[in-house]
Protein chains: 2
Amino acid sequence: MEPIPDVAEPDAAIDPTSPLPKYAQLRRILIGLLDGGGFPPGTPLPSEQELCRRYGVSRMTVRQTLDLLAGEGRLLRRPGKGTFASHGRRHPSLGPLALVTGVRRREPHLDFVRLEHRTADSGSGTRVHLLTRVLRADGEPVAVERGCVPVALVPELPARMWDGLSLTQILVAAFGMVFEPAEQSVVAVLPSAPDARLLDMRPGSPALLLRQRGTRRWTRGTEVTVLARADRFQVRFVRPPERLTAPTTPL
Amino acid sequence: MEPIPDVAEPDAAIDPTSPLPKYAQLRRILIGLLDGGGFPPGTPLPSEQELCRRYGVSRMTVRQTLDLLAGEGRLLRRPGKGTFASHGRRHPSLGPLALVTGVRRREPHLDFVRLEHRTADSGSGTRVHLLTRVLRADGEPVAVERGCVPVALVPELPARMWDGLSLTQILVAAFGMVFEPAEQSVVAVLPSAPDARLLDMRPGSPALLLRQRGTRRWTRGTEVTVLARADRFQVRFVRPPERLTAPTTPL
DNA sequence: AAGTGGTCTAGACCACGAG
DNA sequence: TCGTGGTCTAGACCACTTT
């Protein structure tokens, strides 16, 4: 189990010997280009054919990458027209969770406060990073983020834990982590007493529990959970619509 | 644009001349088997190879179907082991929306009240079904469901509008409708005054707006929206976890 | 007509889990 | 070792949009 190489350069190429499958490598490259401003929202990406040529992979592999990114809300596919960089992605995404901002005029200031930061032995004897952080919105605690990442996969994780990004974002953008779609879930729960205190919640108030797990060889053992105050979050499924018009007017 | 044939028989076969793509036909067959009790939760499905033989399609097509169903939470894929019927699916699903039931010991009694039920001319001149229903939980209105379905696709829709199933369920199970993953969204909105009255909500209370659209040739023009009281619903992303251990107490 | 993404095929090799 | 699902290839034809 070799560690995953760090970050993708702008002109990165696909490495056939990497532990990351080709589609995940290509995904990381494209995310780097999207986040780096290479493709502003609305901009068309190179065609599938062109991506095949440029990165030396087959069309099915390119499509696996593009479908994955479209499912994550980062790309928009239009038959007959092309694939386009999507709008949105303004806040640090917590996966399918996004902060409720609609009610407020001003975007809240977000930061993470580290509570725990160590390595430990997982049950199966593998060394893992254990991380616990509290997400604050304008200084008010709104979510607890917990992460478990095998050291063998991502040795230098702590160095990249800058405090404006969610762990999910870091793992995805920097290391190409892919969470199987079927291994993501959001459910309503009652937080434990310590967690409720961390989030300054009244006993009995509901929370949303997001859970993401990696089950592939190259993601195995990775798990991220986010416990979020239900009154401060909404779940964004896939992606927000282009524009919200007449939300309740029949078609 | 031929109408989509109705319902799939247990021993249905793939029709290469159908307007539905093969993967969508196979999906409808498997949904019929799953809903009909052919594969109780936890039961392994036939292997991909076996499905290829049985339905005469290639493995990539079978995988497209199984991946789609897994993404919808109906199947569980386990490398090296097999594909299994998933648990869950107890309530009428509204797509990614599921009624919050955790707060209550007892499952609420659900039914739909029809408000509108007619055909009209869509903007582009195609005839469409227009449907409006109110979902009630124990008699209390909790969501407004609106549907627009081209008559050419599904001529006999009203006959199938039995009142315990959501429109999404009907379209998916009976007609094999597929909503592109990237065309589903859930956002928080403020309902219009009439809708707020329908749902017995106080002004200013938030609601969740689910929107599903079909953009393929064989789903084109189909749109389902569900406006749901935010205090009565949660969003279930993909599927609930097998069992909830650790950080918090499940509801 | 040309180029795009959507569907589909028939192979291949691999990692995984179980006997 | 064997059967499973995961990844990947190199083609093909189609529907869609624009020129």
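This one's a predicted model, so the numbers in the text were calculated from it and none came from an experiment. Labels below follow one simple rule: chain letters A, B, ... track the order of the sequence lines, proteins then strands, and each chain is numbered from 1.
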Between B:Pro79 and A:Lys81, which residue's closest nucleotide on DNA chain D lies nearer the 5′ terminus?
B:Pro79
Round to a whole Å and report the spacing from CD of B:Glu50 to C1' of D:dG5.
15 Å
Just the rounded figure in Å: distance from P of D:dC14 to CH2 of B:Trp218.
19 Å
Kindly point out which of C:dG6, C:dC8, D:dT9 is positioned nearest to the side chain of A:Glu48?
C:dG6
Would you kindly give the CD-to-C1' distance between A:Gln49 and D:dA10, to the nearest whole Å?
12 Å
Say whether, by atom type as modelled, one donor and one acceptor occur between the side chain of A:Gln25 and the main chain of A:Asp15 under 3.5 angstrom.
yes
Would you mind telling me which residue lines up with the more 5' stretch of DNA chain D, A:Arg59 or B:Thr83, judged by nearest nucleotide?
B:Thr83
What's the shortest heavy-atom distance between A:Leu130 and A:Ala120, and which atoms?
CD1-CB, 3.9 Å
Please report the distance, rounded to the nearest Å, between CG in A:Leu45 and C1' in C:dG3.
16 Å
Below 4.0 Å: OP1/OP2 of C:dT9 and any side-chain N or O of B:Thr61:
yes
Which nucleotide in the list D:dA10, D:dT7, C:dT7 gets nearest to the side chain of A:Ser58?
D:dA10
Check step by step if side chain to side chain contact (heavy atoms under 4.5 Å, CB included) holds for A:Gln49 and A:Arg53.
CA-CA 6 Å; A:Gln49 280 248 352; A:Arg53 281 194 296 272; 3.4 Å; yes
Between C:dG5, D:dT9, D:dT17, spot the one nearest the side chain of A:Arg77, thanks.
C:dG5
Verify the contact: side-chain N or O of B:Tyr23 to OP1 or OP2 of C:dC8, cut-off strictly under 4.0 Å; return yes or no.
no
Quick one: is C:dT7 close enough that its OP1 or OP2 comes under 4.0 Å of any side-chain N or O from B:Lys22?
no
Base, sugar-phosphate or nothing for A:Gln64? Non-hydrogen atoms, less than 4.0 Å.
sugar-phosphate
Strictly below 4.0 Å: does B:Arg216 bring a side-chain N or O up to OP1 or OP2 of D:dA15?
no
Is the distance from OP1 or OP2 of C:dG6 to the nearest side-chain N or O of A:Arg63 less than 4.0 Å?
yes
I need the CG-C1' distance between A:Leu68 and D:dT7, as an integer number of Å.
14 Å
To the nearest angstrom, how far is A:Met60 atom CE from D:dG11 atom C1'?
12 Å
Taking A:Thr61 for its side chain and A:Tyr23 for its backbone only, find out whether a donor-acceptor pair lies under 3.5 Å.
no
On the nucleotide D:dG3, are OP1 or OP2 found under 4.0 Å from the side-chain N or O atoms that B:Ser47 carries?
no
In whole angstrom, give the distance that lies between atom CZ of A:Arg78 and atom C1' of C:dT4.
13 Å
Using whole Å, what does the distance between atom P of nucleotide C:dG5 and atom CG of A:Leu69 come to?
14 Å
Nearest heavy-atom pair of A:Leu45 and A:Phe84: which atoms, and what distance?
CD1-C, 4.1 Å
